[in-house]
Amino acid sequence: MKREKPSTQAAGMTVKLEKRRKYAEAGATLGLLLVLGAMIAPFLGGLTGHSLSWAKWVYAAGALLYTAARTIDVNAPGDSLRLRRLRRLEFWAGVCFIVGGAFWFYKEQYYTGIFAGPLAVMRQTVAFTMAGAVIQIVASWMIAFRMKKESNTGE
């Protein structure tokens, strides 16, 4: 069995890392699209008069997919501690989405009859979704700026 040169091992490791990053980003994007579709559906259903109780399941699936994609380790061995923490912050955005989905399930059973409506049922879900979205936006911007800074200065 031949040993590979260190440079080819590092190149193979880079390819694996890039592949993991690609799959993680694709999974996270798909999860966010499912969350978006589920958040829009009840408001459109209110206009058309259709029951859209399936939307909570789509939201939950999107939140779980996003969080699972963010648990994949996409850090390179040479990444700084700050960059690793910023990537971990994206996971917490997924936790906000999961908590929002849990509130949707809970509140749908809690509010029935005349008080049931998309806004009454989804008040906490919308709040946690917005919190998760803000965390995701801030983290992704900071990751992009940090990666650019580290590639320019060689930190």
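Sequence positions, counted from 1, serve as the residue numbers for this chain.
Listed by first then second residue, pairs satisfying side-chain hydrogen bond (donor to acceptor under 3.5 Å, both in side chains) with a partner in residues 95-104 number zero, not counting sequence neighbours. The salt bridge (charged side-chain N to carboxylate O under 4.0 Å, His left out) analysis of residues 25-37, with sequence neighbours excluded, yields the pairs Glu25-Arg70. Among pairs with a residue in residues 21-41, none fulfils ring pair (Phe, Tyr, Trp, His ring centres under 6.0 Å), at least two apart in sequence or across chains.
A pairwise comparison of heavy atoms in Gly62 and Leu34 identifies CA-CB, 3.7 Å as the closest pair. Looking at every heavy atom in both residues, Leu17 comes nearest to Ala76 through CD2-CB, 3.5 Å. Of all heavy-atom pairs between Val74 and Ala24, the closest is CG1-CB, 4.0 Å. For the pair Ala69 and Gly27, the tightest heavy-atom approach, listed with the atom from each and the gap, is CB-C, 3.8 Å.
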Kindly list each side-chain donor-acceptor pair under 3.5 angstrom involving residues 127-145, sequence neighbours excluded, with atom names and distances?
residue : atom : partner : partner atom : Å
Thr129  : OG1  : Tyr59   : OH           : 2.5
Thr129  : OG1  : Thr125  : O            : 2.6
Gln136  : OE1  : Tyr66   : OH           : 2.1
Ser140  : OG   : Gln136  : O            : 3.1
Ser140  : OG   : Ile137  : O            : 3.0

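Residue Arg84 qualifies as enclosed at atom CZ: its count of foreign heavy atoms under 6.0 Å is above 12.
Put simply, CZ on Arg88 and CG on Asp73 are 10.0 Å apart, with the number rounded to the nearest 0.5 Å. Leu83 CG to Glu150 CD: the interatomic distance, rounded to the nearest 0.5 Å, is 5.0 Å.
Taking hydrophobic clusters as Ile, Leu, Val, Met, Phe, Trp and Tyr residues chained together by side-chain heavy-atom distances below 4.5 Å, Phe91 does not share a cluster with Ile98. Linking Ile, Leu, Val, Met, Phe, Trp and Tyr whenever their side-chain heavy atoms come within less than 4.5 Å leaves Leu36 and Val99 in two separate clusters.
Take Arg21 and apply the salt bridge (Lys or Arg N to Asp or Glu O under 4.0 Å) test, not counting sequence neighbours, and it matches Glu18, Asp79.
A donor-acceptor pair is defined here as one N or O able to donate and one able to accept, closer than 3.5 Å; no such pair exists between the side chain of Thr67 and the backbone of Leu64.
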